[in-house]
Amino acid sequence: MPKVIALCGKICSGKTFYANKIKEGQNAVILSTDEATFYLMDNEQGERYDDFAKRVNEYLMKKAIDIVRAGANAVSYTHLRAHETLRHL
């Protein structure tokens with residue numbers, strides 16, 4: 001049965017490493033709030049970063065559910081500041 005695997009941790013705590021291990025072992029799609037915000041904001045995080053990261057995380061969690069419904073596993077990970085979204089799953 002496909003599943004969403006949610007990871008949350010401090011900066012440089014190994015989230016990306018662990019997500020890649022899960023991807024290899026469980027044939028999963030990785031959805032990273034950190035990568036998406038870096039790409040979309042061109043690393044210009046500034047004052048609005050937390051709000052923007054929260055919105056990106058909410059979007060990625062919806063996509064994770066779509067991926068699971070399509071029959072694949074999804075690994076979603078974020079930093080500790082954006083973890084509030086994970087509580088709503």
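The first residue of the sequence shown is numbered 1, and numbering continues consecutively from there.
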* Asked: How far does CG of N57 sit from CG of D34, to the nearest 0.5 angstrom?
  -> 9.0 Å
* Find out whether D51 and R55 are in side-chain contact, i.e. whether some heavy atom of one side chain is under 4.5 Å from a heavy atom of the other. => yes
* To do: Could you pull out all residues at least two apart from D66 that satisfy side-chain hydrogen bond (donor to acceptor under 3.5 Å, both in side chains)?
  => K63
* To do: Could you pull out the closest heavy-atom pair between A19 and V75, with the gap in Å?
  => CB-CG1, 3.7 Å
* To do: Name all residues meeting the side-chain hydrogen bond (donor to acceptor under 3.5 Å, both in side chains) criterion together with N73; count only those two or more places apart in sequence or in a different chain, and write none if there are none.
  => none
* Asked: Of all residues at least two apart in sequence or in a different chain, which pass the side chain to side chain contact (heavy atoms under 4.5 Å, CB included) check with Y18?
  -> L7, I22
* **Exercise: identify the closest heavy-atom pair between V56 and A36** => CG1-CB, 3.6 Å
* Shortest non-hydrogen separation from A74 to I67 and the atoms involved -> CB-CG2, 4.1 Å
* Structure fact -> Checking L60, T33, T16 against Y77 for side-chain contact (heavy atoms from CB on, under 4.5 Å), the one that qualifies is T16
* Separation between CG of L31 and OG1 of T78, rounded to the nearest 0.5 Å -> 11.5 Å
* To do: Sequence neighbours left out, what passes side-chain hydrogen bond (donor to acceptor under 3.5 Å, both in side chains) with K3? Give chain and number order.
  => Q26
* To do: Mark yes or no for whether K15, through its side chain, and K10, through its backbone, hold a donor-acceptor pair below 3.5 Å.
  => yes
* Asked: Quick one: salt bridge (charged side-chain N to carboxylate O under 4.0 Å, His left out) partners of K62, sequence neighbours excluded?
  -> none
* **side-chain hydrogen bond (donor to acceptor under 3.5 Å, both in side chains) against S13, all qualifying residues, sequence neighbours excluded** => none
* Please round to the nearest 0.5 Å and tell me the distance separating atom OG1 of T37 and atom OH of Y49. => 3.5 Å
